[in-house]
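None of these values were measured; they are calculated from a predicted model. Atoms considered below: every heavy atom in the structure, side chains included; atoms not considered: hydrogens, waters and symmetry mates. We're numbering straight along the sequence, starting at 1. Remember, it's 1-based here, ligands and their atoms both numbered in the order they're listed.
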Amino acid sequence: MSEQEEMSYSQSIQEASSSITRFPLIPIRGVPLMNHIANNFDSIQAFSPDPSDIFIATYPKAGTTWTQEIVDLLVHNGDAELCKRAPTPVRSPFLEIFSPPPIPSGLELLTKMDPPRIIKTHLPFHLVPPGFWENKCKTIYVARNAKDNMVSYFYFDKMNMTQPEPGPWGGYVHKFMRGELSWGSWYDHVKGYWVEREKRNILYLFFEDIKENPRREIERIMRYLDLSLSDEVISRIVELTSFKNMKENPMSNYTCIPSNVFDQSVSPFMRKGEVGDWKNHFTPEQLKMFDEDYEKQMKDVDIPFRSLI
Ligand code: PPS
């Protein structure tokens, strides 16, 4: 992709301004997706990756951008300048995203790139194009504890003018529990990849682990990708992917999206980056109700989530 094409990404969003709206959700095989995604679902399903492509799958707001930055730096041997060649969604396209023209879809961006590409998705396991598994693409799944994930999504839905209105927090908790947000149920999402992780050789990571010991988790990703980087390079990647540095980096902080689409004055994309912020949001009643429901929805699996109490 030429520099000009990369620069034109923000401009294309600006040009589409008049058609940007809080898009309605349309269910695809039981999963509510933004209408532009749902209307193009067949072409998304038909996408065939290269076996060398690296796939990063998450429920929205679980640490996608962080992982995209880590992987881009790993595959480029920690070259900070090279990893500032373009904003995150251009360097690492969002597989299923479709927006009003002239904004390029994820598929359009991908066809202009040579493999190995770093591909982002929020699709639940059962909606992933089968080509990813047929071609045995390396897949990194990042899960974040439900409560922090929901808080982060709530603020994102306030500032992202393409997502449905979140409404008040109390109602949002119910929508999350019922799987009514874009990309559907958090519970089904984390479980779907969890049960397939061994069969599909998925590296299943947790936001809380990366936060606790970024070096350890970055090294896990490095080994999974069959890379071998020096200690010094790993240290640099730890530093470059700190919350503070990513928040200040215009190529990772989503300031590439014009403010009429991502209104970062409402809530910054790099908001807090913490574990346990949910404690500032739930009332005791909401917590009781959420925890009881969580028990039921998660009773069939034993995924080692942390920071839920
Ligand atoms: S998206 O829109 O789904 O791609 O969002 P995603 O990148 O998955 O999630 C955004 C949240 O991840 C936090 N984040 C980080 N936390 C710690 N360290 C680093 N480096 C980092 N990068 C992103 C970001 O702040 C969002 O979480 P909240 O809790 O809202 O701050």
Side-chain angles (χ1 to χ4, degrees), residues 33-34 37 55-74 80 83 87-97 99 106 118-124 140-164 166 169 172 176 181-184 186 189-190 193 205-215 217-218 221 236-257 261-264 266-282 307:
L33 295 172
M34 284 190 278
I37 299 179
F55 199 35
I56 298 174
T58 56
Y59 189 75
K61 312 320 289 180
T64 332
T65 315
W66 197 2
T67 311
Q68 287 171 289
E69 196 66 24
I70 290 170
V71 171
D72 196 27
L73 281 158
L74 281 172
C83 293
T88 306
V90 176
R91 278 183 288 144
S92 169
F94 188 177
L95 173 69
E96 67 268 25
I97 205 69
S99 314
I118 303 166
I119 306 176
K120 156 184 170 175
T121 191
H122 290 321
L123 292 174
I140 302 167
Y141 186 80
V142 187
R144 186 176 191 182
N145 79 77
K147 292 172 184 168
D148 282 333
N149 205 143
M150 185 185 354
V151 170
S152 182
Y153 209 173
F154 177 66
Y155 284 99
F156 185 61
D157 282 350
K158 280 176 185 259
M159 65 82 94
N160 178 352
M161 300 306 152
T162 69
Q163 284 272 94
W169 166 251
Y172 196 82
F176 181 93
L181 307 179
S182 293
W183 287 279
W186 175 92
H189 210 285
V190 297
Y193 285 88
L205 301 176
F206 295 92
F207 182 100
E208 295 74 21
D209 290 344
I210 313 177
K211 191 78 192 169
E212 177 184 75
N213 190 337
R215 183 179 196 100
E217 300 305 303
I218 289 169
I221 301 174
R236 196 184 321 143
I237 296 176
V238 170
E239 182 59 22
L240 289 166
T241 57
S242 70
F243 179 77
K244 183 175 174 292
N245 280 332
M246 283 186 60
K247 189 178 171 77
E248 284 167 5
N249 177 357
M251 293 301 152
S252 63
N253 66 12
Y254 273 95
T255 47
C256 64
I257 310 276
V261 181
F262 277 12
D263 188 346
Q264 302 216 27
V266 170
S267 179
F269 185 91
M270 295 287 167
R271 193 183 59 91
K272 282 192 176 177
E274 286 173 5
V275 175
D277 187 37
W278 62 266
K279 290 174 186 163
N280 301 315
H281 292 81
F282 283 77
S307 192

Chemist: Thinking salt bridges, do D277 and K147 make one under a 4.0 Å N-O criterion?
Modeler: no
Chemist: Applying a heavy-atom distance cut-off of 4.0 Å, which protein residues contact ligand 1?
Modeler: P60, K61, A62, G63, T64, T65, W66, K120, H122, R144, S152, F156, F207, T241, S242, F243, M246, F269, M270, R271, K272, G273
Chemist: Under 6.0 Å from the ring centre and within 45 degrees of the ring axis: does the NZ or CZ of K120 meet both conditions for the six-membered ring of F94?
Modeler: yes
Chemist: Quick one: are the ring centres of F176 and F154 less than 6.0 Å apart?
Modeler: no
Chemist: Would you say the side-chain atoms of H281 and Y172 include a donor-acceptor pair closer than 3.5 Å?
Modeler: no
Chemist: Walk me through it: do Q163 and S182 pass the test side chain to side chain donor-acceptor pair (under 3.5 Å)?
Modeler: CA-CA 8 Å; Q163 284 272 94; S182 293; 2.8 Å; yes
Chemist: Looking at I118, T64, D72, I119, which one forms a side-chain contact (heavy atoms from CB on, under 4.5 Å) with S92?
Modeler: I118
